[in-house]
Amino acid sequence: MNKLDVRGMACPLPVVQVKRALESAQGELHVLLDDGAPRENVKRFAQGRGYQVHEEQLEDGFAFTITGPGATAARESAPAPAAAAGPTVMLIGSDRMGDGPEELGRLLMKNFIMTLLDMSELPDRIFFVNTGVLLAAEGSEVVETLNELGNRGVEVLSCGICLDFFKKKETLAAGGVTNMFTIAETMLTARSVVRL
């Protein structure tokens with residue numbers, strides 16, 4: 001069994017290290033990792049590529065046993081950069097739109113997100129980074145709209161590092177938590193990226 005210890009590593013290193021290990025591993029991969037974003041991100045990454053994840057809680061984190069496709073199958077099933085076939089991605093890096101007055105910028109962003117519900121075509125994923133994560137946290141005027149977008153199939157994801165920085169992870173009220181590896185990989189394989 002191959003072993004990997006990613007405890008104490010900052011996002012996105014746990015996912016990157018697991019990806020590399022899975023590409024070269026034969027058989028099971030045993031991973032020691034911290035609770036929270038590392039646990040969620042590694043689990044989502046592995047399961048998204050067809051692996052089975054058995055988890056066990058330890059005194060100082062979690063242990064994952066990852067089994068499933070061999071290294072060759074993992075490489076073959078990994079999405080190849082094909083812009084024409086990829087998802088439509090929206091990257092929202094602020095809780096306001098434009099460079100004018102803050103109050104106007106927040107109103108514009110709120111109206112933009114609410115208007116998405118009336119569009120015939122929706123993005124496949126919306127990533128929130130920097131102060132954009134505030135839009136998905138409790139107290140935001142667009143939480144209900146983001147949850148409705150989620151119900152319509154839009155994957156709403158907020159950067160874990162950003163949520164930690166603003167101390168908003170416990171108050172995330174729409175969508176889930178993601179990491180910079182997933183954001184970068186998705187953007188590089190996207191059909192189109194809309195950045196706000």
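Values in this document were obtained by computation on a predicted structure and should not be read as measured data.
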Could you report the tightest heavy-atom contact between V177 and G160, atom names first, then the distance? CG1-CA, 3.6 Å

Check whether the side chains of T182 and N179 place a donor and an acceptor atom closer than 3.5 Å, and report yes or no. yes

Is the closest side-chain heavy-atom distance between I92 and M109 below 4.5 Å? yes

Side chain of S140, backbone of A136: donor and acceptor closer than 3.5 Å? no

Would you find a donor on one side and an acceptor on the other, under 3.5 Å apart, between the side chain of D124 and the backbone of T88? yes

Say you draw a straight line from CG of L32 to CD of E56; how long is it, rounded to the nearest 0.5 Å? 9.5 Å

State the CD-CD1 distance between Q52 and I66, to the nearest 0.5 angstrom. 11.0 Å

Cluster check V16, F45: I/L/V/M/F/W/Y, side chain < 4.5 angstrom: yes

CG of D60 to CG of L33, rounded to nearest 0.5 Å, is 10.5 Å

Return the CZ to CE distance between R106 and M97, rounded to the nearest 0.5 Å. 14.0 Å

Taking atom CG of D99 as the centre, report whether more than 12 heavy atoms of other residues, nucleotides or ligands fall under 6.0 Å from it. no

Going by the side-chain hydrogen bond (donor to acceptor under 3.5 Å, both in side chains) test, which pairs reach into residues 166-175, not counting sequence neighbours? D164-K169

